[in-house]
Amino acid sequence: MAAWISSPFAAVARTAIKTLCFLFNVLHLPSRSWSSSRDEINSADASDAVAVSITEDPETGILPFGESLLYRLSHHIPQHRHYLFPRDSDDRPRRCDRYNALMKTFARFGKADEALRLLREMKTPNVICYTTAMDALVRAGRCEEAESVFSEMISLGIAPDSVAYSILVKMYCFHHKRFVSARNIIQLMVDRGCERDVVTYSTVIAGLCRAGKIDLASELMEKMRSLGCPPDVVSYNVLIHAFCNKGDFAEVERILRESSHNGWEPDSVSYNTYISGLCNMGMTDEALKQLDVMLEKALHPTEVTLNILLGMLCRDSKITEIIFFLARSFELGLDVGAASYNTAMTRLCEIGEFSAVLKLLSDMLKKGIRPDVQTFNIVIMSLCRAGKLHKAKHIFKSKGFTPDIVTCNILLHEFCLAGEFAEFHQLVAELGSGQVSPDAITYNIIVDGLCWDGKFSKAIEFVRSIDLEFKSDHVAHLAFGLVKGGRVGDLLRLLGEMIEKGLLLDVRLFEFMIQAFCKKGSCESIEIYKICLILDKMLRRE
DNA sequence: CCCAAGCCTT
């Protein structure tokens, strides 16, 4: 085991803090060239930020966002970089292209409403934009809306292309499992002169596999040759994925062995799929063996390959190997991002390997990988758990680091866990005037914290003030705290008040109360009897 | 348009 793992925590923490301070100075410089305004965006929120800021210029019809915002968005989603920066260097942005690029991004992130809103903002969307909007809706499972977008397109005289039809096919296969309807659509597109291609059929194959009909999928694969579009590597990868899910690795081996005979060549995705399947079945050694096979075949392992193996190592808590893998990623030619480090660091924090978290952080910095908010949040939590609250606070307060609400939530919770209620109350007070606004989780944490600190009436008042209707989770947290604090009388009064107002007591509330009684070990007390009476009433009402 | 992995808080 490497020497640093056994080295005293304090020393590692000290170096990490020094490195951090250095980092913040460095980070501050490029941020100026990114954007001058206050809309500092943490990369994870880039798509949200764009959603907020887009409205086209009524004069020119051009989107107002500058290159810097697009850069940040595209930087966050590398696959789309070429869409956002068309090669032909037009200086007039092409509206449909640009809209479509964003719509695609939103579709991928499951943000159908944003994609739809962009479609609505356009004066004359083309077939690609309509198709992308349909895709976004289908991905979100909103099939009726997808169909009405399709109808709208037809009613406007825009002819659907094979891609549009393929999305309908996807919808019928994936969501409705209506394969006959899918076949009818394929017939329809042929009748209307659209080419059905390998993608159309691969979609059906993916749908059949999802529905557990692998035999039918294999049959269709065979048929594709006579239909004039033989399966390609993607079709086979779909099938490999299905057999991996089944745990039928003999069949996967057979498909790979016969590949050249069937006129296709496995790619990185084929092996990533296979390796992932083996990892999911806990077959670590076999997974690593397939990595070797991959390398033998001169197929480049990708960041995905690394993430799959990393996920496996994390599940198995293989600390040394995690560090080793990330450390060697550059030598393996892998372009590792912050997300991979975050995955590893999260797991290391979970299992109490706080010095390993800091080791990975300094590893990132040495390699020039820019940590994101999530990285810092994990680091902050690790420092707290390791008893280094003041160091965590130091990062929190550092210039150059933009904390988000999760950072605040972590600190609030950790202050309470450490019994540092003065710090807790101070941060709560600061939240009121700060630039980050509290979310539902914040309120839960505050309710928990007030109860832990024995400030029961304050907690009750707090819940009253944020949630007049007692509709939220906060009441459940309050109930938990009251039971644990022996304030069942207060709780009964509160429940009585809610019932009187005709407010619904939900299951979650009772889950929390029952848990609290169990934790307290007072399940036989007279008080729980009263609670049970209320529960009975509720059950009758429902 | 079809295939692989993944990150922070109660």
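Per chain, numbering begins at 1; letters A, B, ... match sequence-line order.
In the set dC1(B), dC2(B), dT9(B), the nucleotide with an atom closest to the side chain of Phe174(A) is dC2(B). The listed nucleotides are dC1(B), dC7(B), dC8(B); the one nearest the side chain of Ala339(A) is dC7(B). Relative to the side chain of Ser202(A), the nucleotides dT9(B), dC2(B), dC3(B) differ in distance, and dC2(B) lies closest. Distances were taken from every side-chain heavy atom of Ile308(A) (C-beta onward) to each of dA5(B), dC3(B), dC1(B); the shortest belongs to dA5(B). Looking at the side chain of Val199(A), the nearest of the listed nucleotides dA4(B), dC8(B), dC2(B) is dC2(B). Of the candidates dC7(B), dT10(B), dA5(B), the closest approach to any side-chain atom of Asp448(A) belongs to dT10(B). Taking every side-chain heavy atom of Asn237(A) into account, dC3(B) is the closest of dA4(B), dC7(B), dC3(B). Here dC3(B) is the nucleotide among dT9(B), dC3(B), dT10(B) with the atom lying nearest to any side-chain atom of Val234(A). Proximity note for Val269(A) (side chain, C-beta onward) versus dC3(B), dC8(B), dT10(B): the nearest is dC3(B). You'll find that the side chain of Val163(A) is closest to dC1(B), out of dC7(B), dC1(B), dT10(B).
Tyr341(A) has its side chain out of reach of Pro371(A): every pair of non-hydrogen atoms, C-beta onward, lies at least 4.5 Å apart.
Across the protein-nucleic acid pair, Asn342(A) atom CG and dA5(B) atom P stand 19 Å apart, rounded to whole Å. When the P atom of dC2(B) is taken as reference, atom CZ of Arg139(A) falls 5 Å away, rounded to whole Å. Remark: P of dT10(B) and NZ of Lys484(A) are 16 Å apart, rounded to the nearest angstrom. Note: CG (Leu334(A)) to C1' (dG6(B)) measures 14 Å, nearest angstrom. Nucleotide dT10(B) holds its P atom 14 Å from the CZ atom of Phe424(A), rounded to whole Å. Distance NE2 (His241(A)) to P (dA4(B)): 5 Å, rounded to an integer number of Å. For Arg370(A) and dC7(B), the CZ to C1' distance is 16 Å, given to the nearest whole Å. As a whole-Å value, the separation of Leu417(A) CG from dT10(B) C1' is 10 Å.
Glu251(A) has no carboxylate O lying under 4.0 Å from a charged side-chain N of Lys246(A), or vice versa, which leaves the two without a salt bridge. Using a 4.0 Å cut-off between charged nitrogen and carboxylate oxygen, Lys223(A) and Glu219(A) do not count as a salt-bridge pair. With salt bridges taken as basic N to acidic carboxylate O contacts below 4.0 Å, none links Glu430(A) and Lys393(A). For Lys289(A) and Glu286(A), the salt-bridge test fails: no basic side-chain N is under 4.0 Å from an acidic carboxylate O.
Within 4.0 Å (heavy atoms only), Thr343(A) reaches sugar-phosphate atoms of the nucleic acid but no base atom. Here Arg196(A) lies out of heavy-atom contact (under 4.0 Å) with every strand. Contact annotation for Val238(A): backbone-only contact, meaning every heavy-atom pair under 4.0 Å involves sugar-phosphate atoms and none involves a base. Contacts of Ile445(A) with the nucleic acid, taken as non-hydrogen atoms under 4.0 Å apart, involve only primed sugar atoms and P, OP1 or OP2.
Judged by distance alone with a 3.5 Å cut-off, no donor-acceptor contact links the side chain of Thr203(A) to the base of dC2(B).
Residue Leu313(A) forms a side-chain contact (heavy atoms from CB on, under 4.5 Å) with just one option from Ile323(A), Thr284(A), Ile322(A), and that option is Ile322(A).
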